[in-house]
Amino acid sequence: MASIAATHLSTTPAHAHHVENPPSTVFFQNCKSMEQLRQLHAQTIKTGVISHPVVQNRIMAFACTNESSDMIYAHRMFDTIPEPSVFIWNVMIKGYSRINCPEDGVLIYLAMLRRNVMPDHYTFPFLLKGFTRDIALEFGKELHGHVLKYGLHSNIYVQNALVSMYSSSGLTDMARSVFDKSCGKDVVTWNVMISGYNRIKQFDESRRLFNEMVEKGVLPTPVTIVIVLSACSKLKDLETGKQIHKYVRDFNIEPNLVLENALIDMYAACGEMSVSLQIFENLKRRDVISWTTIVKGFANSGQVDLARKYFDRMSERDYVSWTAMIDAYLRMNRFKEALELFREMQASKTKPDEFTMVSILTACANLGALELGEWIRAYIDKSRIKNDTFVGNALIDMYFKCGNVEKALRVFSTMPQRDKFTWTAVIVGLAINGHGEEALGIFSQMLKASIAPDEITCVGVLCACAHTGMVDKGRKFFAEMISQHGIEPNFTHYGCMVDLLGRAGHLKEAYEVVQNMPMKPNSIVWGALLGACRVHKDSELAEIAAKKMLELEPENNAVYVLLCNIYAACNKWEKLRELRQMMMNRGVKKTPGCSLIEMNGVVHEFVAGDEAHPLSKEIYLKLDKITSDLKYAGYTPDTSEVFLDMGEEDKEVAVYRHSEKLAIAFGLISSKPGATIRIVKNLRMCVDCHRMAKLVSKVYRREVIVRDRTRFHHFRQGSCSCKDYW
DNA sequence: ATAGGGTTAG
């Protein structure tokens with residue numbers, strides 16, 4: 001092909017570039033690659049036709065806008081043109097916006113103005129495309145001024161480019177003001193405006209504007225339908241979604257694959273998986289988005305195994321598909337499976353993005369998998385994955401939930417941008433790790449930074465007060481929630497208050513709070529009171545709280561167990577026997593205690609009395625050794641919370657086999673001397689395990705960190721960060 | 001020789 005073109009060219013005489021006789025440029029139509037363009041370009045130089053503007057235009061247009069465009073090449077040629085026409089400037093701008101360098105486009109545009117070349121109606125659509133929020137904030141207004149100055153605002157392409165620039169960079173109000181002022185709108189104007197509202201999540205306004213558009217008689221295109229279906233999906237508005245579906249059929253709108261996918265997504269989001277699936281099954285062609293949408297649909301409806309079935313059937317998966325499936329496991333608290341899937345994702349050589357990283361960090365946080373979390377952090381740096389605020393927040397949360405307060409704070413202090421969630425993560429993280437005072441300090445910094453707290457932030461503040469016994473500060477803050485921060489206390493806040501007062505020994509006041517709260521107390525509030533009764537061994541109030549809880553949640557086994565603990569601790573054996581009988585009759589089973597420990601990137605799981613671990617034999621031998629070592633340091637088993645009907649010796653065996661002890665023994669065997677042992681437990685730590693962990697930290701000079709259901713225990717040199725107050 | 005809008009995920 002190139003040689004034919006070259007032959008053709010060589011027949012054109014070198015002197016043929018006289019104005020009255022422009023050279024033929026048909027041979028450029030066959031040019032397919034930059035390689036061919038280079039040959040043609042060389043020929044035009046040899047023959048001299050290069051000096052003719054028509055030829056220059058052809059070469060520049062190809063170099064800038066062809067699929068295999070080469071802006072370095074284009075710029076080199078551009079520099080040889082003494083007086084570039086507006087056309088040449090335009091294609092240069094287009095070239096830079098195509099390769100996602102809108103700032104370079106702006107630089108070219110400014111150079112063009114300096115050379116006194118006026119922009120035309122082609123310039124702005126190229127120039128404004130692909131602006132990010134930052135670029136729009138920096139140049140948007142000025143360029144908007146230029147549009148008016150050069151009298152181009154009535155051109156519909158220019159006007160749509162302006163609306164699109166503002167709305168796609170989140171400056172929706174600016175977009176709207178151009179939109180409202182424009183006299184001639186077409187369907188694209190409406191589309192870009194509506195998608196602007198989608199962008200800032202004002203889906204109800206998207207829906208409203210769509211209705212207005214239809215009323216005004218503007219005919220929607222498939223693109224309009226996709227935008228509005230997306231809004232319906234987010235609003236979970238099945239009614240409008242169905243209407244639009246009907247509209248598609250009634251008006252014979254050509255349903256392309258993107259539109260079909262949007263329909264599948266809308267039905268899935270509205271909980272209509274059967275309709276969603278039906279559309280999916282009837283598709284002639286399916287792409288990775290169709291499949292991912294189905295996977296996500298099942299994930300959202302909690303049917304993670306069905307989601308997996310479709311995920312496994314996919315012939316092609318991208319990082320979004322993998323992340324969707326990982327999230328499906330997260331949603332069901334199946335964190336280990338989430339991590340297993342991440343390993344498969346790596347094996348498949350699919351590159352994760354920052355969304356994947358957030359999901360994996362969440363799994364690490366919940367499993368206490370610090371090693372893997374650290375690895376992810378290094379991976380993010382190494383692979384230059386976008387390290388945005390979401391990632392920072394997830395890292396902070398991971399470090400706190402793994403009990404590493406120092407590193408969590410280090411991430412916090414180096415984050416360039418912080419949002420409400422960042423501050424809240426730090427406050428909650430400090431609180432659960434027992435650093436109440438510091439949490440309050442961060443809270444006042446947050447207020448100074450003019451970040452408004454939300455409900456969760458308030459939970460963190462109350463939790464900080466509760467875990468550190470700051471009763472007066474907690475009372476004061478609770479009173480200020482409405483007056484200072486405009487936040488109405490919800491059940492969780494009342495629960496925190498009851499916890500705060502009750503734990504500090506003000507059981508009567510705590511009970512009063514429950515009785516006087518403006519809404520009917522729920523199980524969170526009664527549960528907090530019940531927990532306080534355990535700490536202070538008040539079996540009478542405990543009975544009231546437990547009875548209320550069981551009215552609300554008859555299936556809540558933990559309530560029975562806690563009441564048993566309390567009876568046992570108060571030596572109320574008769575009551576305990578009756579309760580045990582009732583539990584037997586109702587078939588109530590204790591949730592087995594379960595502890596997780598990560599070792600060399602693998603999460604090991606232990607349940608009470610477990611013998612399933614490959615190292616089980618060694619673990620029990622180690623446990624024997626620990627017990628005898630600790631006895632020298634003053635350890636005696638504390639079986640006061642054991643409520644099983646058995647002799648003292650059997651009780652000792654029962655506490656001896658608790659899952660956190662197995663995990664500690666395993667940790668001591670498998671890690672280097674001096675390494676911190678981190679454990680995550682699903683239930684509250686028992687008194688005996690707590691006592692033993694303190695001694696382990698002293699005798700073996702090991703830091704032991706146990707995260708239980710509600711808080712952290714940092715064991716160091718024989719004492720615990722919770723000050724035995726949990 | 002050069003024009004604009006869309007789906008999946010924390």
Side-chain angles (χ1 to χ4, degrees), chain A residues 25 28-29 53-66 85-95 97-98 120-129 152 155-165 167-168 186-196 198-199 220-231 233-234 256-266 268-269 287-297 299-300 317-328 330-331 352-362 388-391 393-394 397 421:
Chain A
T25 53
F28 278 102
Q29 283 163 13
V54 173
V55 176
Q56 292 170 2
N57 288 351
R58 281 288 198 166
I59 296 173
M60 283 301 292
F62 190 94
C64 290
T65 67
N66 190 267
S85 62
V86 65
F87 174 83
I88 299 277
W89 289 100
N90 285 347
V91 292
M92 280 295 284
I93 294 168
K94 181 180 182 185
S97 95
R98 275 190 76 249
D120 65 5
H121 51 281
Y122 284 99
T123 313
F124 288 98
F126 296 144
L127 180 60
L128 301 179
K129 196 175 171 159
L152 296 165
N155 178 286
I156 196 147
Y157 286 99
V158 175
Q159 173 203 290
N160 289 349
L162 272 176
V163 179
S164 172
M165 181 267 292
S167 77
S168 67
D186 67 0
V187 65
V188 175
T189 327
W190 288 91
N191 288 349
V192 291
M193 193 61 239
I194 298 173
S195 68
N198 274 1
R199 207 193 144 76
T221 62
V223 174
T224 321
I225 300 296
V226 168
I227 297 167
V228 181
L229 280 174
S230 170
S233 161
K234 297 289 163 32
N256 58 36
L257 185 53
V258 177
L259 198 155
E260 303 269 25
N261 287 345
L263 275 171
I264 293 171
D265 177 56
M266 184 277 294
D287 65 4
V288 65
I289 294 179
S290 326
W291 284 93
T292 306
T293 306
I294 289 293
V295 168
K296 203 201 70 166
N300 281 338
R317 307 181 187 105
D318 64 8
Y319 59 95
V320 181
S321 335
W322 284 97
T323 309
M325 193 60 229
I326 289 170
D327 279 336
L330 290 189
R331 207 183 295 262
D353 74 343
E354 71 273 16
F355 285 70
T356 323
M357 297 291 106
V358 169
S359 301
I360 298 305
L361 287 170
T362 306
D388 61 8
T389 311
F390 284 108
V391 171
N393 295 351
D397 186 51
F421 301 96

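Treat the numbers as computed from the prediction; the structure is a model and nothing was measured. Proteins come first, then strands; the chains are lettered A, B, ... in the order of their sequence lines, and each starts at number 1.
The side chain of Lys234(A) approaches dT8(B) more closely than any other nucleotide in the set dG10(B), dT8(B), dG5(B). Checking dG5(B), dA9(B), dG4(B) against every side-chain atom of Lys296(A), the shortest atom distance belongs to dA9(B). Across dA3(B), dG6(B), dT8(B), the shortest atom-to-atom separation from the side chain of Asn256(A) is found for dG6(B). Among the nucleotides dT7(B), dG4(B), dT8(B), the one closest to any side-chain atom of Asp186(A) is dG4(B). Of the candidates dA3(B), dG5(B), dT2(B), dA3(B) carries the atom nearest the Pro125(A) side chain, counting heavy atoms from C-beta on. Ranking dG4(B), dT8(B), dG6(B) by closeness to the Ser195(A) side chain, first place goes to dG6(B). Residue Ser230(A) places its side chain closer to dT8(B) than to any other of dG6(B), dA9(B), dT8(B). The listed nucleotides are dG5(B), dA1(B), dT7(B); the one nearest the side chain of Asn57(A) is dA1(B). With dA1(B), dG4(B), dT7(B) as the choices, the nucleotide that has an atom nearest any side-chain atom of Val226(A) turns out to be dT7(B). Of the candidates dG10(B), dA9(B), dT7(B), dT7(B) carries the atom nearest the Val258(A) side chain, counting heavy atoms from C-beta on.
Between Phe124(A) and Val158(A) the shortest heavy-atom distance is CB-CG1, 4.1 Å.
Atom CZ of Arg199(A) and atom C1' of dG6(B) are 14 Å apart (whole Å). Protein atom CD1 of Ile156(A) is 14 Å distant from nucleotide atom P of dG4(B), rounded to whole Å. If you take CG of Asn66(A) and P of dA1(B), they are 15 Å apart, rounded to a whole angstrom. Counting to the nearest Å, the C1' atom of dG5(B) and the CZ atom of Phe126(A) are 16 Å from each other. Computed from coordinates, the Asn191(A) CG to dT7(B) P distance equals 11 Å when rounded to whole Å. Asn90(A) has its CG atom 16 Å from the P atom of dA1(B), to the nearest Å. Spacing between atom CD1 of Ile294(A) and atom P of dA9(B) amounts to 13 Å, rounded to whole angstrom units. Straight-line distance from the CD1 atom of Ile227(A) to the C1' atom of dG6(B): 6 Å, rounded to whole Å.
If you check every strand for non-hydrogen atoms under 4.0 Å, Glu260(A) touches nothing. As judged by a 4.0 angstrom heavy-atom cut-off over every strand, Asp353(A) is placed among the base-contacting residues.
OP1 or OP2 of dA3(B) sits under 4.0 Å from a side-chain N or O of Lys94(A).
Between Asp327(A) and Lys296(A), no side-chain nitrogen of the basic residue sits less than 4.0 Å from a carboxylate oxygen of the acidic one, so the salt-bridge criterion is not met.
In this structure, Asn261(A) contributes its side chain and Ile264(A) its backbone to no donor-acceptor pair below 3.5 Å.
No more than 12 heavy atoms of other residues, nucleotides or ligands shown are found within 6.0 angstrom of CZ on Phe421(A).
With centroids closer than 5.5 Å and planes inclined by less than 30 degrees as the test, Phe355(A) and the base of dG10(B) pass as a stacked pair.
Proximity of Asp397(A) to Asn393(A): side-chain heavy atoms (C-beta onward) are nowhere separated by under 4.5 Å.
The line from OG1 of Thr221(A) to CG of Asp186(A) is 10.0 Å long, rounded to the nearest 0.5 Å.
With hydrogens and angles ignored, a donor-acceptor pair closer than 3.5 Å exists between the side chain of Thr221(A) and the base of dG5(B).
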